[in-house]
There are 2 protein chains.
Amino acid sequence: MKKEKATIHDIARKLNITASTVSRALKDHPRISAETKKAVQKAAVKLNYQPNNIAAALRNGKSNIIGIIVPTADRTFFSSVVRGIEEIANTAKYNVMICQTYDNFDKEVSTVEALLNARVDGIIVSHGKETQNFEHFLKVKERGIPIILFDRSNDELEVSNVVIDDFLGAYKATEHLVQQGCKRIAHFTNARKISIFKERLRGYREALLDNGLKFDESLVVDSNLQLEDGRSSMEQLLKRKDIPDGVFSSSAYGILGAMQVLKEKGFKVPEDVALVGFSNEPFTSFTEPPLSTVDQHPMRMGNAAAEIFLEEMAAKDKKFIPQKIVLKPELIIRQSSLRKKPN
Amino acid sequence: MKKEKATIHDIARKLNITASTVSRALKDHPRISAETKKAVQKAAVKLNYQPNNIAAALRNGKSNIIGIIVPTADRTFFSSVVRGIEEIANTAKYNVMICQTYDNFDKEVSTVEALLNARVDGIIVSHGKETQNFEHFLKVKERGIPIILFDRSNDELEVSNVVIDDFLGAYKATEHLVQQGCKRIAHFTNARKISIFKERLRGYREALLDNGLKFDESLVVDSNLQLEDGRSSMEQLLKRKDIPDGVFSSSAYGILGAMQVLKEKGFKVPEDVALVGFSNEPFTSFTEPPLSTVDQHPMRMGNAAAEIFLEEMAAKDKKFIPQKIVLKPELIIRQSSLRKKPN
DNA sequence: CTCCAATGCGCAATCGATTGCATTTTAGGA
DNA sequence: TCCTAAAATGCAATCGATTGCGCATTGGAG
């Protein structure tokens, strides 16, 4: 159990110089001679020196760590965003610390607290479904540390955020269903207080109206959008006398549940009911038939969030004007909604 | 941009006491009067005091952070393990820092380095597929900080690890196929140097021999086990004149690829070819037919890893004998392998 | 009324790296 | 050879929390 904890002082002692010089030499300070630098490098390797980031963090007031908070990391959407953040962050010498809230509000609050205490230099977060109160995020901002929201956001909050144009995504998806001949299109949504779902609902509605169909509130089903919810929502719709001939779901699992129920009951997809979901999770491409979906470009979203963070860090002190980046979603058309052969 | 950075000194000044007393009061030290403690608490709240964990970490030599390294967080298996770790770690006041290597060896090495510099108190890791050299892990151990491997491990390495009995899982899966009447069972494996795949191959082989079938090397296909690999492996097998009537894959995506190809070519699952995979990823339950698979109990695996970490921390200084925990896997039988109705 | 032992707090050093300013060394010009 | 500016390094304080040791109260026993 050897605990070799070589510090710059050990290097200094070995070379008969001071820690200051060692510190400067290691950072390639111009006022240190090339000779000394080489000697220090060599000694550092020899003593197996590892910088103590904690000490540096204490002194500098920055830890070079970005905290990332997501509801869960096991959705490809979120893990891809994380990857996008890392791409940018790593090149700027930042490390990331990923925390999961499991959509639990209390856990979200305590996580923010923990990251703050860990003195992260910034926080990038997609908040949980339960989150109505945003004080914990404001607190971060007031502490002067950058906070950037992605995907799930809140316009009233004066912080930077990166989102996709949910309205447009939903609009495209719905319009596509109309073009495929659907006349009665249902919509699965969730907690309408959350901006992304509100926007998607709005896009769905506008697309209907713009295409000469009417918006029927009774075709909008509110649920938690998980697999089981999608199933029960579909079952509920199938009890009607005028069952829908198309469904646009605000989630990937929701539409999967719908498809399962439809097939179990003998309906054909897309002939009887055409389906389009949201979030291009991998599994949507290997269901039968493969599911059409709205791709959110998660990697780009992560890149953008990290870039905003870096800009905010650079602009430190000057007051930074929160910026909003809106990415364009892409409709990916697969078998589940394709009735007509493209000419 | 107000930067209220209240420290224990600010509290001390306000109450006309010293920082030592404040520090002790906040930690409920017995030698501090109840009165003082209350006053400190109140002042702390009033000044919006947030402890600086970095300062404490520097002084104590511990950060209360556990580093977790996984190839990728977007596989349910890994994210569940993380969740299992968090469950235990959080109750012991530890936070986790999740890092992804994307199965890239260099990234794995640099991640270990980064965690070491961040002065994490321990590292829990499942190494990448490329990893043949384990020096970076040994370095961690030599530094006196606990390192625990999970799932993918290496017996020659003298460090604690938590794995499932891969041999048993494969044995059960293969035996099940035999019981369903399969006579020519193929196996998808990966880089046989990795212990988990070697063990599964061994389990497959033993089960065949124990059940009166012979082991045919030509039915073992080596690939990277992703979706595309599963497809091409299956295509390769279908070119034979004596095509297999069962496939056991060491991964979930591999077996999915196989099923896709089989269905495209008009084979029936499980009647013509029965399939069993590994890793109970959610999607395996909603393919058609649903895929049989070996569940690895990822949450328990995470729990166990975290518990070992805590034990090692407690045993600090005394030399800790690396321990190995082997969990029993569970075979989950679904339609893809079920030919006979259970009586 | 003394004296001792709890009880409550303060002092000062420590963790390791960083950095403004001071000091020493070196090189080159006069 | 002397002097000075430039080059190279050293000094010491700092970041904030922690903690062993020591000092000063206070209460109660004898």
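Order of the sequence lines sets the chain letters (A, B, ...), proteins ahead of strands, with each chain counted from 1. Computed from a predicted structure; not experimentally measured.
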Would you indicate, yes or no, if D:dT18 has its OP1 or OP2 atom less than 4.0 angstrom from a side-chain nitrogen or oxygen of B:Ser23? yes
Rounding to the nearest 10°, end axes of the helix from C:dC1-D:dG30 to C:dA30-D:dT1 built from five pairs each make an angle of 60°
Write down the distance between [atom1] ([X]) and [atom2] ([N]), rounded to a whole number of angstrom.
X        : N      : atom1 : atom2 : value
A:Asn64  : C:dA17 : CG    : C1'   : 14 Å
B:Asn60  : D:dA17 : CG    : P     : 12 Å
A:Leu116 : D:dG16 : CG    : P     : 15 Å
B:Asp10  : D:dG16 : CG    : C1'   : 10 Å
A:His29  : C:dT19 : NE2   : P     : 10 Å
A:His9   : D:dC11 : NE2   : P     : 11 Å
A:Arg59  : C:dG20 : CZ    : P     : 8 Å
A:Ile11  : D:dG10 : CD1   : P     : 14 Å

Pairwise N/O distances under 3.5 Å, protein to nucleotides 8-11 of chain C:
{"residue": "C:dG8", "atom": "N7", "partner": "B:Arg31", "partner atom": "NE", "Å": "3.3"}
{"residue": "C:dG8", "atom": "N7", "partner": "B:Arg31", "partner atom": "NH2", "Å": "3.3"}
{"residue": "C:dG8", "atom": "O6", "partner": "B:Arg31", "partner atom": "NH2", "Å": "3.2"}
{"residue": "C:dC9", "atom": "OP1", "partner": "B:Ser33", "partner atom": "OG", "Å": "3.3"}
{"residue": "C:dC9", "atom": "OP1", "partner": "B:Thr36", "partner atom": "OG1", "Å": "2.5"}
{"residue": "C:dC9", "atom": "OP2", "partner": "B:Ser33", "partner atom": "N", "Å": "3.0"}
{"residue": "C:dC9", "atom": "OP2", "partner": "B:Ser33", "partner atom": "OG", "Å": "3.3"}
{"residue": "C:dC9", "atom": "OP2", "partner": "B:Thr36", "partner atom": "OG1", "Å": "3.3"}
{"residue": "C:dG10", "atom": "OP2", "partner": "B:Thr18", "partner atom": "N", "Å": "3.0"}
{"residue": "C:dG10", "atom": "OP2", "partner": "B:Thr18", "partner atom": "OG1", "Å": "3.0"}
{"residue": "C:dG10", "atom": "OP2", "partner": "B:Thr21", "partner atom": "OG1", "Å": "2.3"}
{"residue": "C:dG10", "atom": "O6", "partner": "B:Arg24", "partner atom": "NH1", "Å": "3.2"}
{"residue": "C:dG10", "atom": "O6", "partner": "B:Arg24", "partner atom": "NH2", "Å": "3.2"}
{"residue": "C:dC11", "atom": "N4", "partner": "B:Ser20", "partner atom": "OG", "Å": "2.9"}

Determine whether the side chains of B:Glu86 and A:Tyr102 contain a donor N or O and an acceptor N or O closer than 3.5 Å.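 Indeed, the side chains of B:Glu86 and A:Tyr102 share at least one donor-acceptor pair under 3.5 Å.
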For the ring pair A:His127 and A:Phe105, is the centre-to-centre distance below 6.0 Å? no
Between the side chains of B:Glu130 and B:Lys107, is the shortest nitrogen-to-carboxylate-oxygen separation below 4.0 Å, so that they form an ion pair?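 Salt bridge: no.
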When the ring planes of B:Phe137 and B:Phe134 are compared, do they come out parallel, tilted or perpendicular, using 30° and 60° as the limits?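 The rings of B:Phe137 and B:Phe134 sit tilted, inter-plane angle from 30° to 60°.
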Which residues share a salt bridge (Lys or Arg N to Asp or Glu O under 4.0 Å) with [X], sequence neighbours left out:
X        : answer
B:Asp10  : B:Arg13
A:Lys37  : A:Asp28
B:Glu113 : B:Lys139

With A:Thr76 via side-chain contact (heavy atoms from CB on, under 4.5 Å) - residues at least two apart: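 Applying side-chain contact (heavy atoms from CB on, under 4.5 Å) to A:Thr76 gives A:Ser80, A:Glu281, A:Pro282, B:Asp74.
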Name of the residue among B:Glu311, B:Glu312, B:Gln323, B:Lys324 meeting side chain to side chain donor-acceptor pair (under 3.5 Å) with B:Ser160: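 Only one option passes, and that is B:Glu312.
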